[in-house]
**Student:** 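Here's a structure for you.
Since we're looking at a predicted model, the values are computed, not measured. The analysis underlying the following values was restricted to heavy atoms, covering all of them including side chains, and did not include hydrogens, waters or symmetry mates.
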Amino acid sequence: MSTEELRLNVEKALDEIRPFLQSDGGDISLLSIENDTLVKVQLQGACVGCSVNQMTLKSGVEMTIKKYAPQIEHVINIEA
């Protein structure tokens, strides 16, 4: 998978999870993909101060991204 295909697949994954985040007043944006294995995202809105945002990141966001791009090993949130 090329770098561009990887980016498109990660964006598709984020598009799939975004409605769930938005329904709770949050959102997510892709900051970068490093070494084709690490995705850096930024949780936004209500997700920033949410007590379960790490669970959302691992169980929701990372799992969905890995479904579209299995080579991704880690997804981390970069706080604003």
Side-chain angles (χ1 to χ4, degrees):
M1 187 179 302
S2 73
T3 301
E4 183 58 28
E5 288 171 322
L6 179 60
R7 184 172 194 81
L8 288 172
N9 282 355
V10 170
E11 288 285 3
K12 283 181 200 171
L14 294 180
D15 287 343
E16 182 177 311
I17 197 113
R18 190 168 279 121
F20 299 102
L21 298 174
Q22 290 173 339
S23 71
D24 287 329
D27 207 343
I28 192 168
S29 61
L30 176 63
L31 298 179
S32 66
I33 302 171
E34 297 179 7
N35 302 321
D36 290 346
T37 60
L38 172 69
V39 174
K40 291 184 178 179
V41 296
Q42 188 171 72
L43 292 170
Q44 300 166 334
C47 293
V48 173
C50 180
S51 61
V52 295
N53 70 9
Q54 285 306 308
M55 189 176 77
T56 298
L57 192 66
K58 290 293 176 196
S59 300
V61 177
E62 188 171 287
M63 194 172 76
T64 304
I65 287 175
K66 286 180 176 181
K67 182 173 78 174
Y68 284 87
Q71 70 269 43
I72 297 299
E73 296 172 8
H74 302 286
V75 178
I76 60 171
N77 178 48
I78 305 298
E79 294 186 19

**Student:** What residues form a side chain to side chain donor-acceptor pair (under 3.5 Å) with S29, not counting sequence neighbours?
**Tutor:**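 With sequence neighbours excluded, S29 shows a side chain to side chain donor-acceptor pair (under 3.5 Å) to Q44, given in chain and number order.
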**Student:** Nearest heavy-atom pair of V48 and N53: which atoms, and what distance?
**Tutor:**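 Closest heavy-atom pair between V48 and N53: O-ND2, 3.4 Å.
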**Student:** Would you please name every residue forming a salt bridge (Lys or Arg N to Asp or Glu O under 4.0 Å) with E16, sequence neighbours left out?
**Tutor:**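 E16 satisfies salt bridge (Lys or Arg N to Asp or Glu O under 4.0 Å) with K67 once adjacent residues are dropped.
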**Student:** Are R18 and D15 close enough for a salt bridge, meaning some N to O gap below 4.0 Å?
**Tutor:**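 Salt bridge between R18 and D15, a charged N being under 4.0 Å from a carboxylate O: yes.
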**Student:** Who passes salt bridge (Lys or Arg N to Asp or Glu O under 4.0 Å) against E34, sequence neighbours left out?
**Tutor:**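 Salt bridge (Lys or Arg N to Asp or Glu O under 4.0 Å) list for E34, sorted by chain: K40.
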**Student:** Excluding sequence neighbours, so at least two apart, what forms salt bridge (Lys or Arg N to Asp or Glu O under 4.0 Å) with D36?
**Tutor:**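 Partners of D36 by the salt bridge (Lys or Arg N to Asp or Glu O under 4.0 Å) criterion come out as none, since no residue qualifies.
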**Student:** Closest approach of M1 and Y68, non-hydrogen atoms and distance?
**Tutor:**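 In terms of heavy atoms, the two residues are closest at CE-O, 4.2 Å.
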**Student:** Sequence neighbours excluded, which residues qualify as side chain to side chain contact (heavy atoms under 4.5 Å, CB included) partners of E73?
**Tutor:**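 E73: side chain to side chain contact (heavy atoms under 4.5 Å, CB included) contacts with T37.
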**Student:** Is a donor on one side and an acceptor on the other found under 3.5 Å between the side chain of N77 and the backbone of L43?
**Tutor:**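 Flag set: sc N77 to bb L43 pair under 3.5 Å.
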**Student:** What's in the same ILVMFWY side-chain cluster as V52, cut-off under 4.5 Å, chained through other members?
**Tutor:**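 Via sub-4.5 Å side-chain contacts, V52 links to M55.
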**Student:** Does D24 have any salt bridge (Lys or Arg N to Asp or Glu O under 4.0 Å) partners at least two apart in sequence or in another chain, and if so, which?
**Tutor:**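 Salt bridge (Lys or Arg N to Asp or Glu O under 4.0 Å) check on D24 returns nothing, list empty.
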**Student:** Between A13 and I65, what is the shortest heavy-atom contact and its length?
**Tutor:**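 In this case the closest contact between A13 and I65 is CB-CA, 3.6 Å.
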**Student:** Using the salt bridge (Lys or Arg N to Asp or Glu O under 4.0 Å) rule, collect all pairs that involve residues 45-61, keeping only residues at least two apart or in two chains.
**Tutor:**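 Listed by first then second residue: K58-E62.
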**Student:** According to side chain to side chain donor-acceptor pair (under 3.5 Å), who are the partners of E79, at least two apart in sequence or on a separate chain?
**Tutor:**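 So E79 forms no side chain to side chain donor-acceptor pair (under 3.5 Å) with any residue.
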**Student:** To the nearest 0.5 Å, tell me how far H74 NE2 sits from N35 CG.
**Tutor:**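 With rounding to 0.5 Å, NE2 (H74) is 11.0 Å from CG (N35).
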**Student:** Please name the pair of heavy atoms, one in G26 and one in C47, separated by the smallest distance, quoted to 0.1 Å.
**Tutor:**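 In this case the closest contact between G26 and C47 is CA-SG, 3.7 Å.
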**Student:** Just jot down the side chain to side chain donor-acceptor pair (under 3.5 Å) partners of S2, sequence neighbours excluded, or say none.
**Tutor:**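 S2: side chain to side chain donor-acceptor pair (under 3.5 Å) contacts with E5.
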**Student:** Given the rule in the side chain to side chain contact (heavy atoms under 4.5 Å, CB included) test, do I17 and T56 qualify, once you have shown the distances and angles that lead to the verdict?
**Tutor:** CA-CA 10 Å; I17 197 113; T56 298; 5.9 Å; no
**Student:** Enter the distance from L30:CG to E11:CD here, rounded to the nearest 0.5 Å.
**Tutor:**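 Separation between the atoms: 5.0 Å.
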**Student:** Among residues at least two apart in sequence or on other chains, which ones pass side chain to side chain donor-acceptor pair (under 3.5 Å) with Q42?
**Tutor:**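 Expected list: none.
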**Student:** What's the shortest heavy-atom distance between I72 and L38, and which atoms?
**Tutor:**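 Here I72 and L38 meet closest at CD1-N, 4.5 Å.
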**Student:** Under the side chain to side chain contact (heavy atoms under 4.5 Å, CB included) test against V41, which residue among L57, I78, L31 passes?
**Tutor:**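 With V41 as partner, L57, I78, L31 yield a single side chain to side chain contact (heavy atoms under 4.5 Å, CB included), made by L57.
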